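Inspection log for the structure reproduced underneath, given as structure tokens.
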Amino acid sequence: MLKIAVLISGNGSNLQSLIDACEKNTIRGEIQLVISNNPNAFGIQRAKKHSLNCKVINNEDFKSREDFDLAILQELKKINLDLIVLAGFMRILTPIITESFEEKIINIHPSLLPKYPGLNTHESVIKNGDKKHGITIHFVNDVLDGGKIIAQGEISVRQSDTLQDLKKRIHSVEHAMLPMVVSKFADGSICKYEKIYKKF
Ligand code: GAR
């Protein structure tokens, strides 16, 4: 069984997709720890509803990024984790974490990286009149949204798509692809050399 930790900051719909897949056994794994930096994140309720071990580590309680990361590291180290999933975790991690778990941390990002790292990806797609948009799941290193790409899911942007439409369409791609990628980690079938690319 893959031992998984999930880090969140908000709604936690991607966390939910992982919870559901673990419960249905489509992921041969167990979420052993959920960490939220935001005490008001709805994802905390989701974790509690499924009786998951959930910790709030509020970044505002720490003087520096490094101190915050050390507190997270302390929690992560309590378990012999196989995979750490950043699922809507809106903090940049320092090498304190990224170097401790090389190729064991993955992030889901709402754009076709390397296009649009950082925030407001849907806004950028609309502003630039892009025809394609999508999601990326990648390993985390110390470059923001810059680690090796594992999988991407692409959608065609419709002329009528509003910001809300794009958010919704991108979320449904995320909820399909994140459990699929995590299940490959659990089966040992993740390929580090060839990225998965799907059109939706
Ligand atoms: C997701 O769309 C995820 O790709 C994005 O935040 C959303 C979280 O939704 N992550 C980032 O922007 C990270 N750079 P959720 O809380 O419902 O899973």
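From a predicted model like this one, the values you see are computed outputs, not experimental measurements. All ligand and atom numbering here is 1-based and tracks the order in the structure.
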Test item: Arg46 side-chain N/O and Ile19 main-chain N/O as donor-acceptor pair under 3.5 Å: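 Not confirmed, Arg46 side chain does not pair with Ile19 backbone.
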
Test item: Asp165 side-chain N/O and Thr162 main-chain N/O as donor-acceptor pair under 3.5 Å: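 Between the backbone of Thr162 and the side chain of Asp165 there is a qualifying donor-acceptor contact (under 3.5 Å).
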
Non-neighbouring partners of Lys195 that pass salt bridge (Lys or Arg N to Asp or Glu O under 4.0 Å), sequence neighbours left out: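 Salt bridge (Lys or Arg N to Asp or Glu O under 4.0 Å) list for Lys195, sorted by chain: empty.
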
Residues that Lys168 engages under salt bridge (Lys or Arg N to Asp or Glu O under 4.0 Å), provided they are two or more places apart: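 Salt bridge (Lys or Arg N to Asp or Glu O under 4.0 Å) list for Lys168, sorted by chain: empty.
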
Protein residues that have a heavy atom under 4.0 Å from any atom of ligand 1, sorted by chain and number: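 Those residues closer than 4.0 Å to ligand 1 by some heavy atom are Asn11, Gly12, Ser13, Asn14, Gly88, Met90, Ile108, His109, Pro110, His171, Glu174.
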
Between His133 and Ser111, a side-chain donor and acceptor under 3.5 Å: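 Looking only at side-chain atoms, Ser111 and His133 do not form any donor-acceptor pair under 3.5 Å.
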
With Lys167 via side chain to side chain donor-acceptor pair (under 3.5 Å) - residues at least two apart: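 By the side chain to side chain donor-acceptor pair (under 3.5 Å) rule, Lys167 matches no residue at all.
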
